[in-house]
There are 2 protein chains.
Amino acid sequence: MNPPTIKDVAKAANVSVATVSRVLHNLAGYSDRTRQKVMQAVEELGYQPNAIARGLVNKRTQTIGVLFPHVSSSFSSDILHGIEETAQEKGFSVIVCNTAEEGKRTMKYLQVLREKQVDGIVFTSEVLKDEYYQAIKEMRVPVILVNTMSQKHMIPYVKVDDRQAAYHATNYLIQKGHREIAMISGSLKDQIAGYPRLEGYRQALADNGIEYLESRVAIGGFQLERSREAMKKLLTEAPPFTAVFAASDEMAIGAMNYAFEQGIKIPDDLSIIGYDDLKFARMVYPPLTTIHQPLTMMGRLASEKLISLIEQSEMQVSSSIVSHQLVERQTVRSKP
Amino acid sequence: MNPPTIKDVAKAANVSVATVSRVLHNLAGYSDRTRQKVMQAVEELGYQPNAIARGLVNKRTQTIGVLFPHVSSSFSSDILHGIEETAQEKGFSVIVCNTAEEGKRTMKYLQVLREKQVDGIVFTSEVLKDEYYQAIKEMRVPVILVNTMSQKHMIPYVKVDDRQAAYHATNYLIQKGHREIAMISGSLKDQIAGYPRLEGYRQALADNGIEYLESRVAIGGFQLERSREAMKKLLTEAPPFTAVFAASDEMAIGAMNYAFEQGIKIPDDLSIIGYDDLKFARMVYPPLTTIHQPLTMMGRLASEKLISLIEQSEMQVSSSIVSHQLVERQTVRSKP
DNA sequence: CTGAAAGCGCTAACAG
DNA sequence: CTGTTAGCGCTTTCAG
């Protein structure tokens, strides 16, 4: 009636549970004959090991937890895809945790993950608060940061160099002949995607002898609506400009839409470059020139690192700055 | 050194583990005094219950598994979002499983989920093969289908009525004065998003006394590129038409892009309506008129149903056809 | 009100 | 080569 256990198999095969366990794990120490019997019993009963019981004794669950601020965003789901893919290859399952805005549920989730005895944690796209750090430390499991990092604690991370990528984007615009370049930025309090990207922009201007004008940067927030407003503000209040660097694709697209509505042609009248290279960057018209972040690959990398920490329990850190890429599509034109 | 167990708490509080368990579960049978002692010990030791051990005896893991053909798609991640949200509210964790194209990894994952003793399964956007059905049946856990269904087996599902939604879309175009309406369809072998939507389109034409022309439907596949080709084919080979119904937003956008490149203005020269209402439908320019599927809500609903099946073990089916919605944006215009 | 003890299904010594 | 046994951490009778 109940699902067969290792005991049932043992009984059916007329051996001890230890022997069954042995053949199931391909350990040494049994005759071929025994092996046959066991395998047959397994077959007949349709036996499947119980990972919970196994986990209890092994103190390993072959499960990792992944924390996201938003599960449903192209951004997060690309990362998740990468994580899940290599996790499953290495025999791990992944529990997704949507921490919601402001990490409201982060602590709660950390506790759940602890109770569920996950073997490791991937923490993405959010600032790792001290509180979180402590909680994870108490769990004694490895963590990997993705798309974020911690100055304070030595925790391995996987991310692109935002500052450098923003520099790259801005510099590209400059190479294309633009000198009046506006920026739509995220909140400067955002230590991940806000401040560093603005810094990259400023540095690129500086290195090219272009004056930085505060009036040319609009703080947009990462949602579509906010960036439309930002664009509007820029268009009406900022000194004239011929190109704009948006700190995310979504912002870039909001800006593009607003521009379209105003009869501004992209890239003829205005060049624009985004950041992220989400799937829809290729789908808008004209296709958006942008900074590509290899999100899926970053997820894979994080998964690999985490699992190697779990398996070898070599607690050494080894972060990766993965390289971004500038994808030229059709929203930037050379200024003659 | 090791994380404290219930035993440690018992010792520290000078009571038995049974008592600790009682107060932790708010069961009756202990003095207030005892309660205090236990709580204090829990506090001091920083005790957290071990869900694995608990799961072993309870035969419940408070975990559900969710199978997706693609984790990284706006579509799946919206559903996942809904599932995760209500799951966590009800005290369940979710393991994501990316079954990859063709469900290549479905069987393998089903086995993993069985070994991990999940309490239930959500199966999305794929045909439930007999093989899968058998495997799940052997697991003796409830399943909910999302965005798919099974004729053969009585399994509760949550989905919109594709045929009806497609009818709605087509009919809308007709109401707007269009009579030459093309369609970009998915594969007709696709029992979920392919065939039924074409049927809806045909029926709407029929009900309005419009002749169905096979030459006006192009099979596009759901990816961007394929739908560009489909649009191209339509534009060159099909009889003239003034509107097109695309079986997905992605297809609609591919078609739009191709049209733009050809200098066709949307909606002035050509109206277009999509299907899904993914996030980017709002982001393209002009914003896409489309059929909204309440994906997050469907995820929530599925989660709720599943968990109630798990908790009450009332194995009765109760499917939901959730209602779609036609979202009017700016890609369809009335034909005078 | 409280404790002892029997498992849940599995692994891993330890003895043969 | 194979079996016995002691747990893993927790819940839950069953006795006091």
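Per chain, numbering begins at 1; letters A, B, ... match sequence-line order.
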#### Entry: For atom CZ of B:Arg33 and atom C1' of C:dT2, their distance in whole Å
14 Å

### Query
With a non-hydrogen cut-off below 4.0 angstrom, is B:Ser21 in contact with a base, only sugar-phosphate, or nothing?
base

### Task
Between C:dC8, D:dT4, C:dC10, spot the one nearest the side chain of A:Tyr47, thanks.
C:dC10

#### Entry: Sole candidate of B:Leu306, B:Asn147, B:Val322 that passes side chain to side chain contact (heavy atoms under 4.5 Å, CB included) when paired with B:Val158
B:Val322

### Query
Which nucleotide, D:dG3, C:dC1, C:dT11, lies nearest any side-chain atom of A:Val17?
C:dT11

### Query
Just how far, in rounded Å, is P of C:dA4 from NZ of B:Lys7?
12 Å

### Task
Among the candidates C:dA12, C:dG7, D:dT2, find the nucleotide nearest to the side-chain atoms of B:Val57.
C:dG7

### Message
I want to verify a distance call: between C:dG9, C:dA12, D:dC10, whose nearest atom is closest to the A:Thr5 side chain?
### Response
C:dG9

### Query
For the atom pair CG (A:Leu145) and CZ (A:Phe123), what is the distance rounded to the nearest 0.5 Å?
6.5 Å

### Message
Go through it in stages, so that I can follow the logic: the residues are B:Glu84 and B:Gln88, the test is side chain to side chain donor-acceptor pair (under 3.5 Å), and I'd like the CA-CA distance, side-chain angles, deciding distance and then a yes or no.
### Response
CA-CA 6 Å; B:Glu84 196 275 351; B:Gln88 91 89 19; over 6 Å; no

### Query
Between A:Asn26 (CG) and C:dT11 (P), how many Å, whole number?
13 Å

### Query
Where the side chain of A:Ser16 is defined as all heavy atoms beyond and including C-beta, which of D:dT4, C:dA5, C:dG9 is the nearest nucleotide?
D:dT4

### Query
5'-most contact on DNA chain C: B:Ala53 or B:Asp32, nearest heavy atom basis?
B:Asp32

### Task
Find the distance A:His25:NE2 to C:dC10:C1' and express it as a whole number of Å.
8 Å

### Task
For the side chain of B:Lys59, starting at C-beta, report the closest nucleotide among D:dC10, D:dT4, C:dC8.
C:dC8

### Summary
Against the side chain of B:Arg54, the closest entry in D:dC10, C:dA4, C:dC1 is D:dC10

### Task
Take atom CD of B:Gln117 and atom P of C:dC8, then tell me their distance rounded to the nearest Å.
14 Å

### Message
How many whole angstroms separate atom CG of A:Asp8 from atom C1' of C:dC10?
### Response
13 Å

### Message
Taking 4.0 Å as the cut-off, does a side-chain nitrogen or oxygen of B:Ser31 come that near to OP1 or OP2 on C:dT2?
### Response
yes

### Query
In whole angstrom, what separates B:Asn50's CG from D:dT11's P?
9 Å

### Task
Start with the C-alpha gap between A:Gln40 and A:Gln36, add the side-chain angles, then the distance that decides, and say whether side chain to side chain donor-acceptor pair (under 3.5 Å) holds.
CA-CA 6 Å; A:Gln40 190 185 336; A:Gln36 304 283 309; over 6 Å; no

### Task
Kindly point out which of C:dT11, D:dT13, D:dC10 is positioned nearest to the side chain of B:Arg22?
D:dT13

### A:Leu56 side chain, from C-beta outward: closest of D:dG9, D:dT12, C:dT11
D:dG9

#### Entry: Interatomic distance, B:Asn58 CG vs D:dT12 C1' [rounded to whole Å]
10 Å

### Query
A:Thr34 side chain N/O closer than 4.0 Å to the phosphate oxygens (OP1, OP2) of D:dT2?
yes

### Task
Hey, can you tell me if A:His153 and A:Tyr133 have their rings parallel, tilted or perpendicular (30° and 60° cut-offs)?
parallel

### Query
How about B:Thr99 and B:Lys108: does a side-chain donor come under 3.5 Å of a side-chain acceptor?
no

## Note on the structure
When A:Val15 and B:Ile6 are each assigned the nearest nucleotide of DNA chain D, the 5'-most assignment goes to A:Val15

### Task
Among the candidates C:dA4, D:dT2, C:dC10, find the nucleotide nearest to the side-chain atoms of A:Thr19.
D:dT2

